[in-house]
> 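Shown below is the structure under consideration.
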There are 2 protein chains.
Amino acid sequence: MAVPSTCLASLRVACSNCNLRELCLPVGLSGTELGQVEQIVATRRKIRRGEALFRAGDRFESLYAVRLGFLKSTLMSPDGHEQVTGFHMAGEVVGLDGISAEAHTCDTVALEDTEVCVLPYERLEEIAAAVPSLQNNLRKVMSREIVREHGVMLLLGSMRAEERLAAFLLNLSQRFEARGYSRTEFVLRMTRAEIGSFLGLKLETVSRALSHFAQDGLIEVEQKHLRILDSDRLRAVLGSSVSKEAH
Amino acid sequence: MAVPSTCLASLRVACSNCNLRELCLPVGLSGTELGQVEQIVATRRKIRRGEALFRAGDRFESLYAVRLGFLKSTLMSPDGHEQVTGFHMAGEVVGLDGISAEAHTCDTVALEDTEVCVLPYERLEEIAAAVPSLQNNLRKVMSREIVREHGVMLLLGSMRAEERLAAFLLNLSQRFEARGYSRTEFVLRMTRAEIGSFLGLKLETVSRALSHFAQDGLIEVEQKHLRILDSDRLRAVLGSSVSKEAH
DNA sequence: CGTTTCGTTGAAGAGTGTCAAGGCCAGTGG
DNA sequence: CCACTGGCCTTGACACTCTTCAACGAAACG
């Protein structure tokens with residue numbers, strides 16, 4: 001449990017060479033600062049599809065910056081129900097939940113083969129104390145996570161099934177685009193059940209909504225492969241509940 | 001907009017005298033550290049019921065520690081729907097959402113006359129740089145907010161109306177108890193509509209669920225006044241959806 | 001190539017939302 | 001002091017969205 005079964009790559013990591021540095025913790029840092037930040041990254045770690053990066057209850061030791069791949073975070077409710085709280089892709093930092101109680105509070109599992117930079121928290125604290133802009137970036141990353149979750153609360157609290165799914169697809173689209181991938185064509189790494197869990201819906205509802213969008217020509221979907229055909233109309237789905245009321 | 005219309009109390013504040021210090025940012029700090037932290041608190045600010053502490057879009061300048069009173073944070077969806085993202089009481093820190101974009105992303109409004117300590121963020125950063133345990137506490141407060149929101153996602157994503165309400169009441173109960181108030185008898189400062197917004201329900205559903213709990217002898221409710229009669233059975237409501245499945 | 005997981009679709013039913021009417025309470029002005 | 005007003009809450013009846021249950025097909029995996 002202390003030593004993860006997954007491969008520990010001991011090669012030295014250079015943020016300066018990483019094409020994610022503009023999305024990741026060291027965003028906006030100067031060359032010399034970058035050098036200091038590179039001292040944080042102890043190792044990289046590979047997680048194969050289906051394996052956990054960490055589990056709820058594990059001692060909190062590190063944050064992780066996703067280099068490559070795709071993960072989900074899940075919470076287990078007392079009655080055994082699994083709630084997906086987020087999906088994570090390259091450039092995003094995971095493990096922030098562990099800081100408060102010095103233990104992780106959710107499971108984070110790879111949905112495809114994934115590679116992360118391991119950022120030992122103690123070392124991160126030390127370096128951040130010496131590099132104000134890193135300190136600042138860390139707080140911004142945490143704040144952004146809070147804002148993101150507010151958005152999810154809005155989604156879960158006030159949207160209906162198709163609005164939720166549209167918002168979800170558009171969000172994915174935008175995140176892929178920010179990483180240099182196509183914003184109109186991508187692969188859903190997660191299952192319908194996982195999408196449903198995240199959106200507070202059953203997998204059948206997700207499937208039906210996808211079929212409906214496809215039938216209306218908003219998207220094309222074949223298994224996990226998704227193509228957005230009409231992002232404007234997909235965006236319009238978000239405001240659809242109003243158009244009925246505000247006549 | 002820059003200068004709030006609410007009263008600025010210029011009297012010097014002493015965390016060391018504050019009976020909330022065990023719940024608030026300076027938790028666990030030594031006497032000398034406490035002295036430094038007190039330099040952060042510039043002023044207190046009073047917000048009357050219905051007034052905003054800050055609004056979405058306001059420039060982010062300070063965090064706020066609630067000294068007294070009760071607030072809600074709300075997000076406005078593009079279609080004009082208001083989503084409550086949280087309720088805040090004494091000892092809690094609000095405004096964390098503003099750090100990421102240097103602007104607030106939600107409205108935070110007093111539900112009763114409220115008093116907060118104003119913590120100018122720049123000064124907070126300076127002092128935190130010199131007081132590691134404060135630095136640490138700030139990150140823990142942020143992380144705790146992330147964990148809290150995970151819990152809300154679980155609630156919104158997987159519970160039904162009465163489970164949500166039970167979870168909500170028990171959460172309030174526990175927070176009141178932590179502040180030295182009764183855990184069985186308290187006043188709901190928010191309206192049914194605000195509870196509903198937070199829980200992803202309509203106000204009628206909240207009202208019906210409360211009536212149902214009252215009818216079953218779990219609670220007593222008269223307007224905003226609430227008394228928990230049987231917290232065990234209220235807790236049992238949370239797991240009720242299982243008992244049907246796991247026969 | 002069988003087994004398992006995942007996805008789609010239909011039909012029926014439960015849980016909430018919607019709409020509407022009425023009651024209670026606090027604040028306001030006559 | 002009382003009537004009036006507006007906000008808040010409760011309750012009922014009905015509509016609708018989403019879930020549940022079930023069957024089947026397709027893809028992934030050993």
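Every chain is numbered from 1, with letters handed out A, B, ... down the list of sequences.
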> Any donor-acceptor pair under 3.5 Å between the side chain of A:R208 and the base of C:dG10?
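When only heavy-atom distances are counted, A:R208 does reach the base of C:dG10 through a donor-acceptor pair under 3.5 Å.
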> Find the distance B:E162:CD to C:dA14:P and express it as a whole number of Å.
16 Å
> Quickly work out the A:H225 NE2 to C:dG7 C1' distance and round it to whole Å.
17 Å
> So that I can tick it off, tell me whether B:R59 and B:E61 are bridged by a salt bridge, with the cut-off set at under 4.0 angstrom between side-chain N and carboxylate O.
yes
> Atom NE2 of B:H81 and atom P of C:dG17: how far apart are they, to the nearest Å?
11 Å
> Start at the 5' end of DNA chain D and walk down; is the nucleotide closest to A:Q223 or to B:V206 reached first?
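Upstream on the strand: B:V206.
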> Please report the closest heavy-atom contact between B:F70 and B:T114, naming both atoms and the distance.
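Where B:F70 meets B:T114 most closely, the heavy atoms are N-OG1, 3.1 Å.
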> For the pair made of CG in A:L111 and C1' in C:dT5, what is the distance, rounded to whole Å?
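In whole Å, C:dT5 C1' and A:L111 CG are 15 Å from each other.
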> Look at all strands and tell whether A:L201 reaches a base, only sugar-phosphate, or nothing, counting heavy atoms closer than 4.0 Å.
sugar-phosphate
> May I have the distance from B:L165 (atom CG) to C:dG15 (atom P), rounded to whole angstrom?
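Taking atom P of C:dG15 as the reference, CG of B:L165 is at 16 Å.
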> Does C:dT9 have OP1 or OP2 under 4.0 Å away from a side-chain N or O of A:S207?
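For C:dT9, neither OP1 nor OP2 has a side-chain N or O of A:S207 closer than 4.0 Å.
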> If you find the nucleotide of DNA chain D closest to A:T205 and the one closest to A:E222, which residue's nucleotide is nearer the 5' end?
A:T205
> Is the centre of the B:F198 ring less than 6.0 Å from the centre of the B:F87 ring?
yes
> How long is the line joining CE of A:M159 and C1' of C:dT16, in whole Å?
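Distance check: A:M159 CE to C:dT16 C1' gives 19 Å.
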> Roughly how many Å is it from CZ in A:R48 to P in D:dC29, rounded to a whole number?
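One finds 14 Å between P of D:dC29 and CZ of A:R48, rounded.
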> Is the shortest side-chain N to carboxylate O distance from B:R45 to B:E51 below 4.0 Å?
no
> Should B:R192 be listed as having a side-chain N or O under 4.0 Å from OP1 or OP2 of D:dC8?
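For D:dC8, neither OP1 nor OP2 has a side-chain N or O of B:R192 closer than 4.0 Å.
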> Name the closest nucleotide to the A:R160 side chain, picking from D:dA27, D:dT11, D:dC18.
D:dC18
> Does B:K224 put a side-chain nitrogen or oxygen below 4.0 Å from OP1 or OP2 of D:dC9?
yes
> Between P on D:dA28 and CG on A:L188, what's the gap in Å once rounded to a whole number?
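Rounded to the whole Å, the gap is 14 Å.
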> What is the nucleic acid contact for B:G200, judged by heavy atoms within less than 4.0 Å: base, sugar-phosphate only, or nothing?
sugar-phosphate
> Regarding C:dC19, can its base be found pairing with the side chain of B:E204 as donor and acceptor, where the two atoms are less than 3.5 Å apart?
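Indeed, a donor on one side and an acceptor on the other fall under 3.5 Å apart.
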> Give A:R164 one of three labels, base, sugar-phosphate or nothing, depending on what nucleic acid heavy atoms sit under 4.0 Å from its own.
nothing
> Does atom CZ (B:F176) have a neighbourhood of more than 12 heavy atoms from anything else shown, all under 6.0 Å?
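Atom CZ in B:F176 is crowded, with more than 12 foreign heavy atoms closer than 6.0 Å.
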